[in-house]
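Below is one structure; the comments refer to it alone.
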Amino acid sequence: MQITDTIKSVADSYTETSGKVIDTVVDVNKHVVEIVVSNVERFPETPLADRILAPAEAGKAYLDVVERAADFNRDLNRRVVEFLPVG
């Protein structure tokens, strides 16, 4: 039982740590997007600006991708842990 307990402990630590890392990545990206969107008016108008997304829309689309990637990673981590022999 000692090996199984050790594997369970490692799996729990892995799940907790990876979850914190994923949450931090999402939070940092949200903060960066907020800074960029709130300061975009300081930048000069870009050529072809009418053909690209507005900064708020681009930021939202980017964060949607980041959050989907985070969800994918959480699911992948859960599946990896499920394969471990913990009893």
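Only a predicted model underlies this, so the values are computations on that prediction, with no experimental measurement involved. Numbers here simply count residues along the sequence, with the first being 1.
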message: In the structure I gave you, are the side-chain heavy atoms of Arg74 and Asp23 within less than 4.5 Å of one another anywhere?
response: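 SC-SC contact between Arg74 and Asp23 confirmed.
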
With heavy-atom distances below 4.5 Å as the criterion, would you say the side chains of Ile7 and Pro85 are in contact?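 When only atoms from C-beta onward are counted, Pro85 and Ile7 do touch, with a gap below 4.5 Å.
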
Residue pair [X] / [Y]: nearest heavy atoms and the distance that separates them:
X	Y	result
Val81	Ala11	CG1-CB, 3.8 Å
Pro55	Val40	CG-CG2, 3.5 Å
Ala70	Ile22	CB-CG2, 3.4 Å

Using atom types as modelled and distance alone, determine if a side-chain donor or acceptor of Ser9 lies under 3.5 Å from a backbone N or O of Asp5.
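Such a contact is absent between Ser9 side chain and Asp5 backbone.
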
| message | Is there a side chain to side chain contact (heavy atoms under 4.5 Å, CB included) between Leu84 and Val10? Walk through the geometry before answering. | response | CA-CA 10 Å; Leu84 296 175; Val10 169; 5.9 Å; no

Listed partners of Arg79 passing salt bridge (Lys or Arg N to Asp or Glu O under 4.0 Å), at least two apart
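Listed in chain order: Asp75.
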
Could you work out, with side-chain hydrogen bond (donor to acceptor under 3.5 Å, both in side chains) as the rule, every residue matching Asp12, not counting sequence neighbours?
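Listed in chain order: Lys8.
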
Listed pairs under 3.5 Å, donor-acceptor, residues 26-35 side chains, sequence neighbours left out:
from  : atom 1 : to    : atom 2 : distance (Å)
Asn29 : OD1    : Tyr62 : OH     : 2.5
Asn29 : ND2    : Val25 : O      : 2.8
Lys30 : NZ     : Glu67 : OE2    : 3.4

Please walk me through it: do Asp64 and Lys60 pass salt bridge (charged side-chain N to carboxylate O under 4.0 Å, His left out)?
CA-CA 6 Å; Asp64 287 345; Lys60 182 182 180 322; 3.4 Å; yes

